[in-house]
Undergrad: 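Provided herewith is a single structure, encoded as structure tokens, for subsequent inquiry.
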Amino acid sequence: MARLIDGREVSASVKRRVADEVAELNKNGIEVGLAVIIVGNNPASRTYVNNKKKACAEAGINSYEYALPEDTTTDELLSLIRELNRDSKINGILCQLPLPEGLDEKKVIETISPEKDVDAFHAVNTGHIMIGDYTFLPCTPAGITEMLDYYNIDVEGKHCVVIGRSNIVGKPMAMLLLKRNGTVTVCHSKTVDLAGYTRQADILVAAIGKPYFVTADMVKDGAVVIDVGMNRNAEGKLCGDVDFAEVEKKASFITPVPGGVGPMTIATLLKNTVTAAKRQNSTD
Ligand code: NAP
């Protein structure tokens, strides 16, 4: 039976560290501020934004919400971002994705100043990740490496298989595992014989977006299984990409959904915001 990787426990420890750092900055007269932009009425986005604001408040970070209507134009959104880039009380800018149809996500990401890009989506920051020399790490993959560290799971020399190649999860995850000297295979929807790869994985990261996609027969005995998926099953219940009930019988470690990767994503966002504040105030 696998040992559970408890994202709530790990994230609480990261959040405590962040809160201590914020308190230290406050003592020196430095406030930490995060701008959170939400466009439209997507209920999932509203939940994510509320969770992020709550976590900011708990850590002593000032969050500033900018809720824009569904019919906002790209130009209007870009002009808000430019204003926030210049605003010294704002250290980090987060624009909740996905944006309503018709808005240019790429332009939005490019317009956020790389210094305030706490999601690490800007090409400057992804380029830094590529060369292994970075300030901000993308929240979800960085949260996963934090969890591996917490449980003393060594990556070096391990075969790491990442299913999914998105810019926000799969690709940066592969880079971070590579930096830790893992041997990395990235799989996607065009991969032929996916299970042939996943069965070789010492560390398997599933970032697909399909409920219960990874079944026990796709997993090697003793593998570490990280489930990034956040899906709704047929009953409308939150579930991951991994068939947890069956896979936990084979894995050595496994993340649950909920309570696994999700909480780590927010913890890393807070960490990145403090890093941004320190750099902008030259205390780092
Ligand atoms: P995405 O952009 O939709 O990417 C999904 C990836 O899965 C793509 O690379 C796709 O391949 C691959 N894929 C789809 N079907 C496949 C199949 N049958 N076999 C192999 N690969 C397949 O999604 P994402 O943004 O990376 O997110 C993935 C999941 O993680 C979602 O459930 C999302 O909600 C969740 N998520 C969770 C957190 C968190 O904090 N826990 C954060 C971010 C995302 P192609 O590239 O070939 O299309």
Side-chain angles (χ1 to χ4, degrees), residues 4-8 10-11 14-15 36 42-52 54-55 94-99 105-106 109 118-121 126 129 136-148 160-177 184-201 204-215 217-219 225-234 236-244 254-272:
L4 203 68
I5 297 182
D6 185 345
R8 293 197 178 106
V10 189
S11 75
V14 175
K15 286 177 181 170
V36 183
N42 180 329
S45 292
R46 172 41 69 195
T47 305
Y48 293 138
V49 162
N50 288 349
N51 290 344
K52 288 169 185 175
K54 184 165 166 268
L94 174 152
C95 184
Q96 187 64 47
L97 302 179
L99 292 169
E105 207 165 282
K106 192 162 167 273
I109 290 171
V118 285
D119 265 330
F121 291 164
T126 53
I129 292 156
F136 303 124
L137 287 177
C139 297
T140 303
I144 291 170
T145 54
E146 190 91 36
M147 290 199 293
L148 296 176
C160 308
V161 176
V162 180
I163 320 176
R165 56 173 164 178
S166 70
N167 289 336
I168 62 170
V169 188
K171 280 186 208 159
M173 185 75 251
M175 286 300 140
L176 298 195
L177 293 166
V184 182
T185 302
V186 181
C187 299
H188 45 79
S189 68
K190 305 290 184 287
T191 297
V192 176
D193 187 20
L194 178 68
Y197 291 102
T198 61
R199 276 197 282 267
Q200 293 175 37
L204 179 63
V205 180
I208 310 154
K210 297 204 161 138
Y212 312 121
F213 183 89
V214 175
T215 47
D217 61 309
M218 295 169 73
V219 176
V225 179
I226 307 291
D227 190 352
V228 184
M230 290 241 255
N231 314 298
R232 296 274 164 196
N233 67 12
K237 241 182 95 195
L238 192 63
C239 70
D241 288 344
V242 174
D243 180 0
F244 183 89
I254 189 166
T255 61
V257 178
V261 174
M264 293 308 301
T265 299
I266 295 186
T268 313
L269 171 73
L270 303 180
K271 209 169 137 181
N272 284 348

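Every number for a ligand or one of its atoms is a count from 1 in the order of the listing. Note that these values count all heavy atoms, side chains included, but never hydrogens, waters or copies made by symmetry. Numbers for residues simply follow the sequence, beginning at 1.
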Undergrad: Looking only at protein heavy atoms, which one is nearest to atom 44 (C) of ligand 1, and what is the separation?
TA: V169 CG2, 3.9 Å
Undergrad: Determine, considering heavy atoms only, which of H188, K190, R165 sits nearest to atom 46 (O) of ligand 1.
TA: R165
Undergrad: N231 heavy atoms, cut-off 4.0 Å: which ligand 1 atoms fall inside?
TA: 32 (O)
Undergrad: Heavy-atom distances under 4.0 Å are what count here, so tell me which part of T140 touches ligand 1: side chain, backbone, both or neither.
TA: side chain
Undergrad: Any nitrogen or oxygen of D241, main chain or side chain, under 3.5 Å from a nitrogen or oxygen of ligand 1?
TA: no
Undergrad: For atom 2 (O) of ligand 1, what is the closest protein heavy atom, and at what distance to 0.1 Å?
TA: S166 CB, 3.3 Å
Undergrad: Give me the residue, atom name and distance of the protein heavy atom closest to atom 36 (N) of ligand 1.
TA: V228 O, 3.6 Å
Undergrad: Which of the numbered atoms in ligand 1 are under 4.0 angstrom from any heavy atom belonging to G262?
TA: 40 (O), 41 (N)
Undergrad: Using a strict 4.0 Å cut-off to heavy atoms of A207, name the atoms of ligand 1 that fall inside it.
TA: 5 (C), 6 (C), 7 (O), 28 (C)
Undergrad: Go through the side-chain N and O atoms of N42 and R46 and say whether any donor and acceptor fall under 3.5 Å apart.
TA: no
Undergrad: Roughly how far apart are D119 CG and I109 CD1, rounded to 0.5 Å?
TA: 8.5 Å
Undergrad: Would G170 count as a contact residue for ligand 1, given that I'm defining contact as a non-hydrogen atom of the residue lying under 4.0 Å from a ligand atom?
TA: no
Undergrad: What's the separation between atom CG in L269 and atom CZ in F136, rounded to the nearest 0.5 Å?
TA: 10.5 Å
Undergrad: Working to the nearest 0.5 Å, report the span between OG1 of T185 and CD of Q200.
TA: 7.0 Å
Undergrad: Taking heavy atoms and a distance under 4.0 Å, where does K210 meet ligand 1: side chain, backbone, both or neither?
TA: side chain
Undergrad: Counting non-hydrogen protein atoms only, what is the nearest one to atom 47 (O) of ligand 1? Give residue, atom name and distance.
TA: S189 OG, 2.6 Å
Undergrad: Can you tell me which residue and heavy atom of the protein come closest to atom 29 (C) of ligand 1, and the distance to 0.1 Å?
TA: G209 N, 3.7 Å
Undergrad: Side-chain contact test, heavy atoms from C-beta onward, threshold under 4.5 Å: evaluate it for P172 versus S166 and give yes or no.
TA: no
Undergrad: Between the side chains of K237 and N233, does any donor sit under 3.5 Å from an acceptor?
TA: no
Undergrad: Heavy-atom distance under 4.5 Å between the side chains of I144 and V261, does that happen here?
TA: yes
Undergrad: For the side chain to side chain contact (heavy atoms under 4.5 Å, CB included) test, which of L94, T265, L270 pairs with K52?
TA: L94
Undergrad: Just to verify, what does T191 make a side chain to side chain contact (heavy atoms under 4.5 Å, CB included) with, not counting sequence neighbours?
TA: C187, H188, L194, Y197
Undergrad: What protein heavy atom sits nearest atom 17 (C) of ligand 1, and how far away is it?
TA: F213 CZ, 3.6 Å
Undergrad: CG of D243 to CE of M218: how many Å apart, nearest 0.5 Å?
TA: 11.0 Å
Undergrad: Number the atoms of ligand 1 from 1 as they appear, then name those within less than 4.0 Å of a heavy atom of G164, with their elements.
TA: 6 (C), 7 (O), 9 (O)
Undergrad: Only heavy atoms count here, so choose which of N167, L269, T265 is nearest to atom 40 (O) of ligand 1.
TA: T265
Undergrad: Suppose I only count heavy atoms of I168 and a 4.0 Å limit; which atoms of ligand 1 are within that range?
TA: 25 (O)
Undergrad: What do we get for T191 next to ligand 1 when only non-hydrogen atoms under 4.0 Å count, side chain, backbone, both or neither?
TA: neither
Undergrad: Which option wins on minimum heavy-atom distance to atom 34 (O) of ligand 1: K171, M230, M173?
TA: M230
Undergrad: Measuring from atom CE of M230 to atom CG of D241, what distance do you get when rounded to the nearest 0.5 angstrom?
TA: 11.0 Å
Undergrad: With no hydrogens and no angle check, is any side-chain donor or acceptor of R199 less than 3.5 Å from a backbone partner on D217?
TA: yes
Undergrad: State if C187 counts as touching ligand 1 under the rule of any non-hydrogen atom under 4.0 Å.
TA: no
Undergrad: Calculate, to the nearest 0.5 Å, the distance between atoms NZ and CG belonging to K171 and L176 respectively.
TA: 14.0 Å
Undergrad: Pull out every atom of ligand 1 sitting under 4.0 Å from any heavy atom of I163, numbered as shown with elements.
TA: 20 (C), 21 (N)
Undergrad: Starting from atom 3 (O) of ligand 1, what is the nearest protein heavy atom, named by residue and atom, and what distance separates them?
TA: I208 O, 4.4 Å
